[in-house]
Amino acid sequence: MPRNSRTPRSSRCTSTGAGGGRRPEEAFVTGILTSAEDFERARPWRLTEAADHAAYLRDTATLLTEARRVFGTVQARMFHPEDFADFCLLHALDPTEQSSRERYLVNPPLQTQLLPYQGEELAGDFLPRLVRAREGGLTLRHADLLLDGGLCGSPEELLPQVRQAYERASEIFRRMLVGAGAGTYQFHCVVDGPGGRLAADARILHWEDGVVRIHDEDLDLVCAVLCAGLVRELPGAALLHGSQGSAGACGEYRQVAWAWQSTGFGYAPAAVELDGVEARPGFSLGSVC
């Protein structure tokens, strides 16, 4: 595993041995402290010898670049100090030990927080994505508990009832995006369930040729939250807002905000205020092919 005296500690999961050069059958996994505050809170554990968070991110970028050269898969997740401290307390581990950090990073219930690293600038979109992936991972665990583990596995492996609801949730979301047309949007959905509210957010680019750009982890979370609401017949709401239009329309854009409400059986147009955004009733999803 690549490491020097100034790189953040990391973990590597291996399947079989490998010779020299690139090792495509091995996965490199690391945790990243996403803020200066988290960096300071983690100092007692000696995760890194970097002087400050900025230097730490430079070291981390070097580590990830080297990992991409050597390993077939490179993944990262947010290294959350409170989560790590709780994990060590629960399992009676010493937080200063490398083995404790490795167990935390590859803990199976937290695998949904992992994101593939493909050379992005850390300080750009990747660090915020790591934060959202942790929050989304906690929401996915909540939704999975509501469905008695029915969300585990790929869509093809879901329990029949959950799979049907998941497909229905995906279709509801698809109709919302198709009806909105080209534009740049924010999507929010909430479901009021036992144990607290489930929420999902996604940033969406919808091109005029019909191609939709959305992060995979955001799409998975949206469908999971909508699915949990449908299976458990829970009340919820969904809101899509942003700038409608495209360059092909001579730069004509307009601000839109649509909303739908659910009683647990489906989504119908309704006026909703969510996350500080007021939206008028959306278009009928039944009219969208």
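Everything numeric here is computed off the predicted structure, so don't read it as measured data. Residue indices begin at 1 and follow the sequence shown.
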Given Tyr267, Phe187, Trp260, Tyr166, the one that forms ring pair (Phe, Tyr, Trp, His ring centres under 6.0 Å) with Phe173: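 It is Phe187, the one option of Tyr267, Phe187, Trp260, Tyr166 that forms the ring pair (Phe, Tyr, Trp, His ring centres under 6.0 Å) with Phe173.
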Closest heavy-atom contact between [X] and [Y]?
| X | Y | result |
| --- | --- | --- |
| Ser170 | Cys223 | OG-SG, 3.5 Å |
| Leu285 | Met176 | CD2-CG, 3.7 Å |
| Ala55 | Ala51 | CB-N, 4.3 Å |
| Leu93 | Pro95 | O-CD, 3.4 Å |
| Ala165 | Leu230 | O-CD1, 3.8 Å |
| Leu198 | Ala143 | CD2-CB, 3.5 Å |

[X] side chain near [Y] side chain, heavy-atom distance below 4.5 Å:
| X | Y | result |
| --- | --- | --- |
| Leu127 | Leu57 | yes |
| Leu239 | Asp275 | no |
| Cys227 | Val162 | yes |
| Arg254 | Ser243 | no |
| Tyr185 | Val212 | no |

Greater than 12 external heavy atoms within 6.0 Å of [X]'s [atom1]:
| X | atom1 | answer |
| --- | --- | --- |
| Asp216 | CG | no |
| Arg43 | CZ | yes |
| Glu278 | CD | no |

Check whether [X] and [Y] end up in the same hydrophobic cluster, where Ile, Leu, Val, Met, Phe, Trp and Tyr are linked by side-chain heavy atoms less than 4.5 Å apart.
| X | Y | value |
| --- | --- | --- |
| Leu140 | Leu138 | no |
| Leu177 | Trp207 | no |
| Leu47 | Leu122 | yes |
| Ile172 | Leu274 | no |
| Val277 | Val190 | yes |

Can you tell me how far the [atom1] atom of [X] sits from the [atom2] atom of [Y], to the nearest 0.5 Å?
| X | Y | atom1 | atom2 | result |
| --- | --- | --- | --- | --- |
| Ile204 | Arg213 | CD1 | CZ | 13.5 Å |
| Arg103 | His91 | CZ | NE2 | 6.0 Å |
| Met78 | Arg129 | CE | CZ | 15.0 Å |
| Thr30 | Gln75 | OG1 | CD | 11.5 Å |
| Arg174 | Glu167 | CZ | CD | 13.0 Å |
| Leu226 | Ser262 | CG | OG | 8.5 Å |

Side chains of Gln113 and Arg134, donor plus acceptor under 3.5 Å: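 Short answer, no.
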Test log, rule side chain to side chain contact (heavy atoms under 4.5 Å, CB included), inputs Arg132 and Asp201: CA-CA 9 Å; Arg132 294 199 305 273; Asp201 300 277; 6.0 Å; no
Electrostatic pair Asp125-Arg203, nearest N-O below 4.0 angstrom: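 Salt bridge: yes.
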Lys/Arg-Asp/Glu bridge criterion (N-O < 4.0 Å) met for Arg168, Glu171: no
Candidate pair Leu114 and Gln111, rule side chain to side chain contact (heavy atoms under 4.5 Å, CB included), full reasoning: CA-CA 6 Å; Leu114 286 169; Gln111 295 302 293; 3.1 Å; yes
Pair Glu217-Leu221, side chain to side chain contact (heavy atoms under 4.5 Å, CB included): steps then yes or no: CA-CA 6 Å; Glu217 66 271 17; Leu221 184 60; over 6 Å; no
Verify, without hydrogens or angle tests, whether [X] (side chain) and [Y] (backbone) share a donor-acceptor contact under 3.5 angstrom.
| X | Y | answer |
| --- | --- | --- |
| His206 | Gly183 | no |
| Arg232 | Leu146 | yes |
| Gln244 | Ala180 | yes |
| Ser100 | Thr96 | no |

Chi angles and distances behind the side chain to side chain contact (heavy atoms under 4.5 Å, CB included) call for Leu240, Val256: CA-CA 8 Å; Leu240 184 67; Val256 296; over 6 Å; no
Mutual orientation of the aromatic rings belonging to His188 and His241 [parallel < 30°, tilted 30-60°, perpendicular > 60°]: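 The arrangement is parallel - the two ring planes meet at less than 30°.
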Sequence neighbours excluded, every pair satisfying ring-ring contact (aromatic ring centres under 6.0 Å, His included) that has a member inside residues 101-147: Phe79-Tyr104, Phe84-Tyr104, Phe87-Tyr104, Tyr117-Phe126
